[in-house]
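Inspection log for the structure reproduced underneath, given as structure tokens.
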There are 2 protein chains.
Amino acid sequence: MVDPIDPTATGFLLAENRNMPMHVGGLQLFEKPEGAGRGYVREMYEQMRDVEQVAPLFLKHPHRSVRTAGQLVWQPDEQFDIEHHVRHSALPKPGRIRELLELCSRLHSTRLAWERPLWEATVIEGLRDGRVAMYTKTHHALVDGVSAMRLLASVLSTDPDERNMPAPWALRPRAPRQQRPSDDGGASLADVSAATVRTALAIASEAAGMPGALVRTLNKSVRNETSALSLYAPRTMLNQNITGSRRFAAQDWPVERLRAVGKATGTTINDVVLAMVSGAMRTYLLDMDALPETTLVSMVPVGLNAKQSQLASSDGGNAVGAVMVQLGTHLADPADRLTAINTSMKDGKDGLSAMTPTQILAMSALGQAPAILGPVLRMQGIVRPPYNLIISNVPGPRTTHYWNGAKLTGTYPLSIPINGMALNITCTSYDGKMCFGLTGCRRTVPHLQVLLTHLDDELKALERAAGVR
Amino acid sequence: MVDPIDPTATGFLLAENRNMPMHVGGLQLFEKPEGAGRGYVREMYEQMRDVEQVAPLFLKHPHRSVRTAGQLVWQPDEQFDIEHHVRHSALPKPGRIRELLELCSRLHSTRLAWERPLWEATVIEGLRDGRVAMYTKTHHALVDGVSAMRLLASVLSTDPDERNMPAPWALRPRAPRQQRPSDDGGASLADVSAATVRTALAIASEAAGMPGALVRTLNKSVRNETSALSLYAPRTMLNQNITGSRRFAAQDWPVERLRAVGKATGTTINDVVLAMVSGAMRTYLLDMDALPETTLVSMVPVGLNAKQSQLASSDGGNAVGAVMVQLGTHLADPADRLTAINTSMKDGKDGLSAMTPTQILAMSALGQAPAILGPVLRMQGIVRPPYNLIISNVPGPRTTHYWNGAKLTGTYPLSIPINGMALNITCTSYDGKMCFGLTGCRRTVPHLQVLLTHLDDELKALERAAGVR
């Protein structure tokens, strides 16, 4: 049995090399349920491992041979070995978050083997606060970062007493878990199926399949200087070739604090996220004596509703576009940076909705697959980076969720740095927290952890500027 | 500053691919010194990490560019990051040897990045018996398995009270540690410098550089049917293409038990090692219904003294040859297998000493670099495997050694499975123990751990056959 691989997934597979593994990751932290025994983590691991049947997505691997005429196809792994995929690990003492991030950095640095289905999950014990961590890794050819996290969330429940819940890779009767009445009906991850987000990839795949359209968009952008596509990002230390080794940092802040700043300044929570990153990057680059005179530009993926994009797929999925946001890193005042971001983001969204569907498709491709499109950009003589870094903000469930009684206390995304784009910052909101995941090339982005301190400082500065602290 | 890379090392670098990482490993187990506090392992890790100066071997990485005319050269890593190389990890509960071997299997499966010096070391805590483990990984382009272990051993002491001892990668005033009067003067690893064993590689490199000589040797071997080079090994499940994932198993047995069998049967300890493997492989393949009708053939590297080989290098190093030993796996009786091995080994050594230096060079190349020579063999229309597996036995120190008071209780080698040769068994003797390290492709050699049980059963069977039990 052989499945064709769509062009985008093929692109991600072929773009991969030892310096640029193409997998996304997720780090989840769970509190053990009350009454959990000494062997709780092992039992949790065994429950994850001993699934009755694994879902087809997690059983297929890429294959290419003379028989497939050299084309990459999906093939079921006839010698599927769950112990290779579901792993059990531990932190050395003292078991701080620091040791956890160090382990996740290492796990995220190694490449998935094509001989096997393209995913791994590691249950991690030894945190001194007693929590259990889970790191998951899935190839971008299977899912993107958002859908990987959504897939995981889709097996969670708002009911702390529910048991016999499946692992994310278990075959379930209905793919997306049904919305529970107890849920607040908000932006729950549970109501978005993997298939939905897959649509974004499918769309990107079409675009990737038509470089002509993309090139036209790029040319227009150069002439129009639309802020939706900036071709005038400065060169920075982040915009170099990368190595295969990663560094990961993660932390969360109360959404309430970001909301208060937004409310007081007439900006959005997302603007405040971008302003936090802007201030943190400014401090980071100043410390390295590497701050460019002009503003850093961030690529920010934005969701487009069906009407806006005219791209709704048959299953009601949303299209994803990308806005190039000027972060105002050249401005010394936090309030000025927030204002600049708010304006740039509005302009970008306006520009985006004024684009033709084909242009949005191409933008989407740029956002989803810059690694694939790199050569196309170079071909067009565009040698400066189209943007300096990627900042995504993915809404998650607003209420507390559980897996077999274990309370999920935080969920942090690990993304894909690529050549020329050594840092990726992805946030996800969950249960009143804004969870930041920073993934960088270990060599190109030194002292990545210090950005967490800078982010914290910047939130305080924004609070002072907004008069809410 | 740029160093050329010798042809063999270049060969190992170029032969490497994602399914066939070309690094050797070592697993060492230490007992904490008396009075070690709770933070002992962290202190040990920090002592390993915080070296004053790193030796040049551990600072260089391979580099190729237009400036080097496309040639691979060694280049110092200008951004050397010791934390990338020296790591601290832990085992999940219950912290059995099983969890340790699982972790080592995983660590051994990932490839070293060329952007950095080609080595890693992981200090591992969490063994329930309180011991500390250390896994080291070094690219075959830097050292071979034997010299990697010797290098490690070269920083050990027979004095349990010695402190302030350097890490293996620290720059030391004199490269090989001086022989201590307290040492027994036996086959101590400490008296063999890395440079000595490097010689074997240099010799192999010459041979690898002259396929003509090799091909002549191969042709002669086919005509002469010399047992030193068997081209008549049967096809087995081990002789397939491999994947990049590894499984590692390790165990030790008292050398005294092997010696008693040898003494009673007029065979050597090395013959008994081979007989243990022979019986274990027979049981393993029978269980899988995959035992070939003719005997398995093992490649066994043997040391040649200077006089015998006429190949002594200027620094007195030994040349390494390879004997193809018929393991007698088709024979049902353990005593018959041991006799067959003893005969085949003698014939092989005789054949080897009768070979010309050039032929021995070529044999050496075959042993050291079958991965490189694979294409050459295929070119000659030799489609059957030249042998079925590799079994090495490397003598180690006979007395108890310490690192800063921590007693080394065992040392186990992890080797390199290659395409067509999915299993490698390397033994090293240490302090009265024969330590076996079995490294296999996780997919091609299923249930590798069961071989440990079979090895144990076979030693008992040999003892019964020899009348010593």
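Residue numbers start from 1 in every chain, and the chains themselves are labelled A, B, ... in the order their sequence lines are given, proteins ahead of strands. No hydrogens, no waters, no symmetry mates; every other heavy atom, side chains included, goes into these values. Being a predicted model, the structure only gives us computed values, none of them experimental.
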What verdict does the side-chain contact (heavy atoms from CB on, under 4.5 Å) test give for B/Ile97 and B/Leu127, after you've listed the backbone C-alpha separation in whole Å, the side-chain angles of each residue and the deciding distance to 0.1 Å? CA-CA 7 Å; B/Ile97 292 295; B/Leu127 268 168; 4.1 Å; yes

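- Interface remark: B/Pro94 contributes backbone and side-chain atoms alike to the contact with chain A (heavy atom separation under 4.5 Å).
- In this structure, chain A has heavy atoms under 4.5 Å from both the backbone and the side chain of B/Arg442.
- Counting heavy-atom pairs under 4.5 Å between each of A/Arg116, A/Arg247, A/Arg111 and chain B puts A/Arg116 at the top.
- Contacts of B/Ser89 with chain A are made by both backbone and side-chain atoms, with heavy-atom separations under 4.5 Å.
- When the ring-ring contact (aromatic ring centres under 6.0 Å, His included) test is applied to B/Trp403, no partner is found at least two apart in sequence or on another chain.
- Here the closest heavy-atom approach between residue B/Leu112 and residue B/His23 is recorded as CD1-CB, 3.9 Å.
- With a 4.5 Å cut-off on non-hydrogen atoms, B/Asp77 touches chain A through its side chain but not through its backbone.
- Within the 4.5 angstrom heavy-atom criterion, atoms from both the backbone and the side chain of B/Glu115 approach chain A.
- Looking at A/Glu16, its side chain does come within 3.5 Å of a backbone N or O of A/Met22 through a donor-acceptor pair.
- Interface check for chain B: of the options A/Arg38, A/Arg87, A/Glu99, the most heavy-atom pairs under 4.5 Å are formed by A/Arg87.
- A 6.0 Å sphere centred on CZ of B/Arg18 holds more than 12 heavy atoms belonging to other residues, nucleotides or ligands.
- Under the 3.5 Å distance criterion, the side-chain polar atoms of A/Trp169 are matched with a main-chain donor or acceptor of A/Met48.
- Between chain B and the residues A/Leu91, A/Asp81, A/Val41, the most heavy-atom pairs under 4.5 angstrom are made by A/Asp81.
- Using a 4.5 Å cut-off between heavy atoms, B/Arg443 contacts chain A through both its backbone and its side chain.
- Annotation for A/Arg98: atom CZ does not count as buried by contact number, only 12 or fewer foreign heavy atoms lying within 6.0 Å.
- Note: B/Ala90 leads B/Ala90, B/Pro446, B/Gly39 in heavy-atom pairs under 4.5 Å with chain A.
- A donor-acceptor contact shorter than 3.5 Å is absent between the side chain of A/His447 and the backbone of A/Tyr284.
- For chain B, the option among A/Ser245, A/Gly126, A/Ser105, A/Ser109 with the highest count of heavy-atom pairs below 4.5 Å is A/Ser245.
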